[in-house]
Each structure stands twice: as structure tokens, then as C-alpha cells.
Amino acid sequence: MITIRERPITHWLPITKKEVEQRGWDEVDVILISGDAYVDHPSFGTAVIGRIIESEGFRVAIIPQPNWRDDLRDFKKLGKPKYFFGVTAGCMDSMVNHYTANKRLRSNDSYTPGGEAGFRPDYATTVYTRILKEIYPDVPVLIGGIEASLRRVTHYDYWQDRLMPTILEDSGADLLVYGMGEQPLREILRLVKSGVPLNQVREVNQIAYMDDTTDVPEHESWSTVSLASHEVCLQDKLKYAANFKIVEVESNKWQANRILQKVGNRTLVINPPFKTMDEAEMDKSFDLPYTRLPHPKYKNRGPIPAYDMIKFSVNMHRGCFGGCSFCTISAHQGKFVASRSEESIMKEVDEIAKHPEFKGYISDLGGPSANMYRMKGKDESICARCQAPSCINPVICSNLDTSHKPLTSIYQKVDAHPDIKKAFVGSGVRYDLLVDDFNKNNADGNHDEYMEQLVTRHVSGRLKVAPEHTSDATLKVMRKPSFKYFRKFKEKYDQIQDKHNLNQPLIPYFISSHPGCEEQDMANLAAETKDLGFRLEQVQDFTPTPMTVAEVIYYTGVHPYTLQPVHTAKTKEEKQNQNNYFFWYKNEFRGWIKNRLTKLGRPDLAKKLLSDTRADAVVEAPAKKQKSKFRKFRNS
């Protein structure tokens, strides 16, 4: 069995001058700067990008988590790259990584050895890029990853409570790749190899750049739409809200338009995205020669929590067609699902089985939503014309193939693998796809077959689902289905458990203080979940993150698609009041809840919440952690 120590250091991409020299290189073509520790695994974006650059014949090195506070020696240690620097904040927006919904500094960082905080700056993409531009003003800088991607246009920053311009303007970067980066990156690499300087790359899909004029000419292949300028947005919140609708629609189209936005005396240009990656392209990315291990330099610094959580997991697909208002998955990965082949997935299972620490248990067979594998439009010509941000809200599109048969087949094949004792589904399951009253496309019973397989073979004690709320008005703003469908799913789930004599609690996730949620809605949520036997723990408030519908509502007070007002809890007191209802079962909140609901004219709710009915039968379950650090940010 191979261990980390026994593997040659050249199995990893180099991160030190010594490792560069061990490869016999006197120069590096591309240097990547990352806010994360270097884990050579397909769930970590820097590793994916590095391996792609390597596969195109370039000499690539990585500088993970450079020190930005000292004499900047980390930024200088590998010298100047031949072609360009690539910069990413890491697998998460650095501000989401650093701060809670209450803007309190987090005490840990899951993408750092030992979980230690303090190894990356706030606004890491901007900080790293500015440093590089100061040290190497003549070397182009390409930025990407989720922080750059979701801050590519004028955006509201919750932590500074103000609108900020495109990150290209703030950072001074030459080029930005948005979304999942494989397709544009390969095109960029071929161009720079042919002699085109990075700062002159202009015709590649899925990139953004600043043009030095305010009069950008028409494009011969792409139609163009213009946004309200950054300066107009600063003066007019409605214009900012209207901008978002344009950006979201264009981001989710196969045949999208080029987007322009004036920023001062220059113009932001966002080229249309690539069409979603096909199976062969997905396989090519996942089948690169990853070691699937952290770099050996970290062996004495403690485990990397994000890696420990996913090292025995398999990411089978990307993208999510849910379009939830608070979520960044579709904004970054796209609403169309890109799936790997069964062969590629089973090959990764084989690789996991070789891991020196593997004991026979796969922690997750999943994706952003566990059960969207290979789901797509039946007639893709209809998808090519579609502009809807969600394929399942307010109803499931009649053109959407929601068959779970391919996923059930993979579960069964993994189960049959001789080295696998058990394979679990740790990603959240999109339960509404499994409710016949909501999803009518179950004529052959494939959803029931999937549920039986899931519940009896792949639940590790508890199953995560995300109803998010119980109020239909709030759920409408969230782009989520009525809570009645969660009740129906629970009935179906419990029937299967009873049939097989199982006791695997459902873990429902909820969000407090989401736009559209009134205080009484939270009281109702507490009462309804109590009635179902849940006791909610580990609650987290809503956090407005860039390029989401909910963020726009939070800042502007209106829905970007209707420009009509939407109530949002914004003050610390309002948010805390909503959050308190989760804890109806704690003695210290009982008096407050009774007085508060009496004041709101709802003594009936107080009686329902504070009675001892079913008090001994409740099941502990966490409220929604709005941003799963590990599942929702596996992004290149």
C-alpha cells in the first residue's frame, strides 16, 4: 500500500523553488496563487486548474496561501512566470470563509492545515493581484474561482455594506474567467502558446475584461446587451436590481449575449458562457493524474478539514437547475447539469479504494444536489431557447427528464464493488423531485426504486434535505416548493423506513431572516417543525452573497424580476428575533416567545409552541447552514 511519504514529491505540482529545480526546470510557464492549502484532488479548484495547465504542456507551479503581511517573499520565491499568474481566493469567497452571518470573525478555516484561521486575507483575489501587479507590473494576471466569478459585475458587498465595482476594476487583473474554468482556460492556454499575450485575449467565451474606452464596437458573432453603469447603480438601487435580472438570464442561456457595463471611463466586457460541458469533457477533467492527497509539506501541521470531509467522496456531476434565490451554485456552475460517465465514476471509486487510509466506506456519492445526475432536457432545442432561471420552479418543466435510473444503477454498481463495504449519500437530496404530487414524471416508478435504494443502502444514520422554510410566501421568494411537499416526502420516507425496520432521521435545513420572511413566519416554522417531531439545532441566519436574487432583495428592498417591494429583516434585532424561534424548547427563550407572540397578536402560536406536546419525541436536526463549505463550493 502506497503512503504519502513513499510517493515521490514530483507526483504533486511543485510549490517550492526546490521542487521546481527537482523537475529540471529553469523557468515556470504559469504560477497559480491560491488562498487554500494545496490538495491535489478534483474537488479543489486550484488542483483542477493546475492539472489542466499541465495537461496542455505547460510548466505550472502553485504558491498556496502566501504570506501577504511580511516582505512578500512568498510571491517572489518562484520568480516571474513566462506567461502569466493565475489567482484564486480558493474554493470559497474569502468573506464567506472568514465571517458569520452576524459579521463575526470565524475561529477556523477548513481549507487550511489544522483548520487554522488567518492564512488568507479578506478579499483575497484583490489583495493577491494588487501585490503581483506591484512586484511584477509587466506580467499579466488571470483571476478566477468563485470569488472572482460572482464579483464580476457591480455587486453588493454585505461586509462593507456598499456596492462595489467589478473585481477587475478593484484588483487590476488583466482577465477574468467566470464559472467552471476548464473550457475557457484551455482556449486561453492555446492562444498564449501561439504567441497571443494574455492581456490581449478577447475572443474566448466565458471571460471578462476591461476595455479602455466607453465605446466598445459591436461584435460580429455575439449580440450585446448593456447594463446600467456602475455609477448609475450607486445612485439608483432599482437600476442595480434590473441589472441582476439581465446577468442571471444571460448566465443561464446556451446562446447568450455579450454584456457591457461602463465603469468610470472604461467598459467591463463579459463574453457569453460556453455551453455546459459534455460527458467526455467532464471525464477529461476528473481523470487527470491527481494524487488525491494534500501536499506532503502539510503532514506536520494537522489535517485539512475540507479534505478530510471529501477524501472518500465522489463528485458525479456539476450544476443545479433549482435556481434557489440564496444559492450561488447555478450562478457559478450553471443551471444545466454536467455529468460524468459511469466509467469515469467507477474509475474514481477504484482510486479511492487504493487510498492508504481507506477502510471501505465512501462518504458521499453526490454532487451539488445529490440526485440530479444525468438529468437534462428531453428536447435540447427547447433548452437552447430557455431563459428561465430554474427548471423546477414554480413547477417542473415538462421538458425535463428527471429519471433516477442512471443514478440508481451507479449506486448498485458501487455497492457491488469488491472493495466497498458501504457507500453513503452525504450531499443534500432534492426531495421535491421524489414527490409524485410535485414531479409527475414517475410513470415507470423509477423515483420509488431510487428512494428504496437510497433509504435502505445509502443513508449514514441521517438523510439531509432542504425544505428551507414552511411559509409558502417565503418559499416563493426562495424559489422553493410548498412545504406540503416536504410533508409528503417525509410520509414516503417513513413508510420505507417502517417497511425495513430502520431508524434514520431526516435532517431538514432551514434559513432564518431570508427576504420575504416575516417574524410570524418563523414562529409558524417553529410550530410546524415541532409538530413533525423536529428540534432544530446549529442554526444560521441568512447571509447575502454576491450574484444571488436574495442578495439583491436584501440591498435594494425589491425583487429584481418584478421590482416590487419585498420585506427583509435587516437590523440585528430583527434577525435575532427571527432566529430565537428555533429554540422554543430552551427554557431561556420560553418567556420571550410567549411575550413576543402575545404582542404580535398570536397567543395561539405561543400556546402551540410552548405546550409540552411531543416534547419528548422531537428529533434533533440542524437549521440550514446557508453555505456548506464543502459541498457547495467544489468549484474550479
Side-chain angles (χ1 to χ4, degrees), residues 30 32 42-58 60 83-84 86-88 91 140 142-150 152 173-194 196 198 200-209 219 221-222 247 250-259 269-288 290 315-321 328-341 344 367-368 374 376 380 383-384 547 633-636:
V30 179
L32 302 179
S43 288
F44 290 77
T46 302
V48 176
I49 296 306
R51 290 298 183 180
I52 288 172
I53 295 171
E54 178 187 53
S55 73
E56 292 291 336
F58 289 76
V60 58
Y83 294 111
F84 62 88
V87 171
T88 175
C91 290
L142 170 66
I143 59 175
I146 197 160
E147 181 168 279
S149 179
L150 302 187
R152 63 185 181 267
D174 298 276
L175 202 66
L176 182 156
V177 167
Y178 67 91
M180 306 307 282
E182 290 99 328
Q183 293 160 295
L185 180 62
R186 289 189 186 277
E187 291 293 321
I188 290 167
L189 291 170
R190 288 161 191 164
L191 285 170
V192 298
K193 184 179 282 187
S194 71
V196 179
L198 183 93
Q200 293 180 24
V201 172
R202 294 293 181 261
E203 298 301 309
V204 175
N205 288 73
Q206 214 165 304
I207 65 169
Y209 59 90
H219 196 278
S221 302
W222 302 322
V247 174
E250 297 300 333
S251 299
N252 285 314
K253 286 163 64 174
W254 277 2
Q255 299 170 4
N257 297 308
R258 183 179 64 158
I259 296 174
V269 181
I270 304 175
N271 291 351
F274 277 92
K275 184 183 174 183
T276 304
M277 292 170 69
D278 60 27
E279 197 172 84
E281 289 173 309
M282 284 285 285
D283 288 355
K284 189 175 182 180
S285 181
F286 278 88
D287 294 348
L288 292 166
Y290 307 99
N315 189 5
M316 300 191 292
H317 57 280
R318 292 181 185 159
C320 178
F321 45 71
T328 60
I329 294 173
S330 61
H332 186 66
Q333 296 192 11
K335 79 168 183 179
F336 296 103
V337 173
S339 299
R340 299 167 63 185
S341 70
S344 176
R374 279 195 178 172
K376 60 180 182 179
E380 292 197 344
C383 296
M547 207 171 285
F633 289 91
R634 292 178 182 174
N635 301 321
S636 305

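Every value quoted in this text rests on a predicted model; they were computed, and no experiment measured them.
A 4.5 Å side-chain heavy-atom check between Met282 and Arg318 finds at least one atom pair inside the cut-off. Side-chain contact between Pro273 and Lys253 is absent, with no heavy-atom pair separated by less than 4.5 Å. Between Met277 and Glu182, some side-chain heavy-atom pair lies under the 4.5 Å cut-off. Thr46 has its side chain within reach of Thr88: a pair of non-hydrogen atoms, C-beta onward, lies under 4.5 Å apart. The closest side-chain heavy-atom distance from Lys275 to Gln183 is not below 4.5 Å. Under the 4.5 Å side-chain criterion, counting only non-hydrogen atoms from C-beta, Val48 is in contact with Ser285. Residues Val177 and Val204 fail the side-chain proximity criterion, which asks for heavy atoms closer than 4.5 Å. Using a 4.5 Å cut-off on side-chain heavy atoms (C-beta onward), Leu189 and Ile53 make contact.
In this structure, Ser339 OG and Met316 CE are separated by 8.5 Å, a value rounded to the nearest 0.5 Å. Rounding to the nearest 0.5 Å places CG of Leu150 at 12.0 Å from OH of Tyr178. Remark: Leu142 CG to Leu185 CG distance equals 7.0 Å, nearest 0.5 Å. Atoms CG and CZ, on Leu32 and Phe84 in that order, are 7.5 Å from each other to the nearest 0.5 Å.
Between Gly179 and Ser149, the shortest heavy-atom contact is N-OG, 3.0 Å. Minimum heavy-atom separation, Val337 to Gly319: CG2-O, 4.0 Å. The heavy-atom pair separating Pro368 from Asn315 by the smallest distance is CD-OD1, 4.4 Å. Scanning both residues, Gly50 and Val60, for their nearest heavy atoms gives O-CG1, 3.5 Å.
With hydrogens and angles ignored, the 3.5 Å screen pairs a side-chain donor or acceptor of Asn271 with a backbone N or O of Arg202. Ser194 places a side-chain N or O within donor-acceptor distance of the main-chain N or O of Leu191, the cut-off being under 3.5 Å. In this structure, Glu281 contributes its side chain and Asp278 its backbone to a donor-acceptor pair below 3.5 Å. Without hydrogens or angle criteria, Gln206 side chain to Met180 main chain gives a donor-acceptor distance under 3.5 Å. Between the side chain of Ser330 and the backbone N or O of Cys320 there is no donor-acceptor pair closer than 3.5 Å.
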>> Evaluate Met547 against Thr328 for side chain to side chain contact (heavy atoms under 4.5 Å, CB included), listing each step before the verdict.
In response: CA-CA 7 Å; Met547 207 171 285; Thr328 60; over 6 Å; no
> Would Arg51 and Glu54 count as a salt bridge (Lys or Arg N to Asp or Glu O under 4.0 Å) if you check the C-alpha gap in whole Å, the side-chain angles of each, and the deciding distance to 0.1 Å?
Replying inline: CA-CA 5 Å; Arg51 290 298 183 180; Glu54 178 187 53; 2.9 Å; yes
> Step by step, would you call Asp174 with Tyr209 a side chain to side chain contact (heavy atoms under 4.5 Å, CB included)?
Replying inline: CA-CA 6 Å; Asp174 298 276; Tyr209 59 90; over 6 Å; no
> Yes or no on side chain to side chain contact (heavy atoms under 4.5 Å, CB included) for Phe58 and Lys193, after CA distance, side-chain angles and deciding distance?
Replying inline: CA-CA 9 Å; Phe58 289 76; Lys193 184 179 282 187; 3.6 Å; yes
>> Let's go through Ile188 and Leu175 carefully: what are the C-alpha distance in whole Å and the side-chain angles of both, what is the deciding distance for side chain to side chain contact (heavy atoms under 4.5 Å, CB included) to 0.1 Å, and is it a yes or a no?
In response: CA-CA 10 Å; Ile188 290 167; Leu175 202 66; 3.9 Å; yes
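When the side-chain contact (heavy atoms from CB on, under 4.5 Å) test is applied to Ala208, the partners found at least two apart in sequence or on another chain are Leu168, Leu176, Leu268, Ile270. Here Phe321 pairs with nothing under the ring-ring contact (aromatic ring centres under 6.0 Å, His included) rule; sequence neighbours left out. Every side chain to side chain donor-acceptor pair (under 3.5 Å) that Arg190 has, sequence neighbours left out, goes to Glu56. The side-chain contact (heavy atoms from CB on, under 4.5 Å) check on Pro272 picks up Asn205, Trp222, Ala256, Arg258, with sequence neighbours excluded. Residues meeting the side-chain contact (heavy atoms from CB on, under 4.5 Å) test with Ser344, sequence neighbours left out: Asp283, Phe286, Asp287, Arg340, Ser341. Checked against side chain to side chain donor-acceptor pair (under 3.5 Å), Ser251 has the following partners two or more places apart in sequence or in another chain: Arg152.
If you check the side chains of Ser55 and Arg186, you find a donor sitting under 3.5 Å from an acceptor.
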